[in-house]
Amino acid sequence: MGAFAGSSVSKIAIVLISVGVAIAVVSLLGHVGAFMNNSSMVACFICILIVIIILEILTGAVFYVFRSRTAILQANSAINMKARAVINEYSVEKRHAINRIQEKFSCCGADSYTDWSRSVGWENHEAVPDSCCVEKTEGCGQDKAKVHTKGCIWAIKLFLLKNFLWVGAVCIALGVTEVFGVLVGVCLCLDIKGKSYENLN
C-alpha cells in the first residue's frame with residue numbers, strides 16, 4: 001500500500017499503533033496497581049488516563065475546527081499524485097506491489113484502466129497488466145473488455161474511508177471505556193486508602 005499510495009497511509013497506521021501501545025502500557029500499570037493494592041500506582045494510572053482523555057478531546061476538537069486544512073487533505077493529494085506517478089513509471093521494484101494492489105482492490109490503473117495506455121513503464125499500450133483482469137489468466141490483459149474499469153485511487157480511498165469509520169467508532173468506545181476506567185480507578189484508590197486507614201487504627 002505504501003509503495004502505491006505513499007507514506008501518508010503508513011504514518012496513519014504508525015500513529016494508531018503508537019496510541020494502542022501507550023494505552024496498553026497505562027492499562028498494565030492500572031492492573032498491577034489494583035492487584036498489589038498499591039494506591040500510588042492506581043493514582044498514577046488515573047492521572048495518566050485523565051491526561052490521555054484530555055489530549056484525545058483536544059486532538060478531536062482541533063481536528064474538527066481545522067478539518068479543511070488537516071493532513072487528510074494532504075494525504076488525499078499525496079495518494080493521488082503518488083498513485084499516478086507509480087502507474088506512469090511502472091518501475092521493476094514496484095511492479096509486484098502494483099499488481100498486488102490491483103488484485104486486492106479489484107481495480108486497474110490510478111484513475112482508470114486507460115492510465116496504462118499512457119504509462120511510460122508499461123510497454124504494451126494496447127493491453128493492461130494481467131492483474132487488472134476480473135478473472136486472472138495468462139495474457140488476459142490483452143482483452144480490455146475483461147478487466148476492471150475503476151481506478152485504484154478510488155478503491156483505496158473507499159477502503160480507507162470504511163476503515164476510518166471503524167477507527168472513529170472504536171475511538172468513541174475507547175473514550176467511554178477510559179472515562180469508566182477513571183471512575184473505577186478513583187473508587188479503587190479510595191477503597192485501598194480506606195483499608196490502609198483501618199489497618200493503621
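Reckoned from all heavy atoms, side chains included, excluding hydrogens, waters and symmetry mates.
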Problem - Closest non-hydrogen atom pair between Met41 and Leu29, with its separation - result: CE-CD1, 3.7 Å
Problem - pair Lys157-Asn80: side-chain heavy atoms closer than 4.5 Å - result: yes
Problem - Hydrophobic cluster membership, Val179 vs Val26, 4.5 Å side-chain cutoff - result: yes
Practice task
Could I get the full list of ring pair (Phe, Tyr, Trp, His ring centres under 6.0 Å) partners for Tyr90, not counting sequence neighbours?
Solution key: Trp116, Trp122
Handout entry: Separation of SG atoms, Cys152 and Cys108, below 2.5 Å
Key = no
Exercise for the section: Could you tell me which non-hydrogen atom of Ile87 sits nearest to which non-hydrogen atom of Ser119, and how far apart they are? Expected result: O-OG, 2.7 Å
Exercise for the section: Can you establish whether the number of heavy atoms outside His125 located under 6.0 Å from its atom NE2 is more than 12? Expected result: yes
Exercise for the section: Please tell me if the side chains of Lys150 and Cys107 come closer than 4.5 Å, counting only heavy atoms from C-beta onward. Expected result: yes
Practice task
Tell me, yes or no, whether the heavy-atom count around Lys146 atom NZ, taken from other residues, nucleotides or ligands under 6.0 Å, exceeds 12.
Solution key: no
Practice task
Tell me, please, which residues at least two apart from Asp115 pass side chain to side chain donor-acceptor pair (under 3.5 Å).
Solution key: Arg118
Exercise for the section: State whether the number of non-hydrogen atoms from other residues, nucleotides or ligands found under 6.0 Å of Glu93 atom CD is greater than 12. Expected result: yes
Exercise for the section: Answer yes or no: is there a side-chain heavy-atom contact under 4.5 Å between Ile54 and Ile50? Expected result: yes
Problem - Any residue meeting salt bridge (charged side-chain N to carboxylate O under 4.0 Å, His left out) with Glu103, in chain and number order, not counting sequence neighbours - result: Lys136
Problem - Residues that Asp143 engages under side chain to side chain donor-acceptor pair (under 3.5 Å), provided they are two or more places apart - result: none
Exercise for the section: Not counting sequence neighbours, which residues clear side chain to side chain donor-acceptor pair (under 3.5 Å) with Ser131? List them please. Expected result: Asn99, Gln102
Practice task
Please tell me if the side chains of Met36 and Val32 come closer than 4.5 Å, counting only heavy atoms from C-beta onward.
Solution key: yes
Handout entry: Which residues share a side chain to side chain donor-acceptor pair (under 3.5 Å) with Ser106, sequence neighbours left out
Key = none
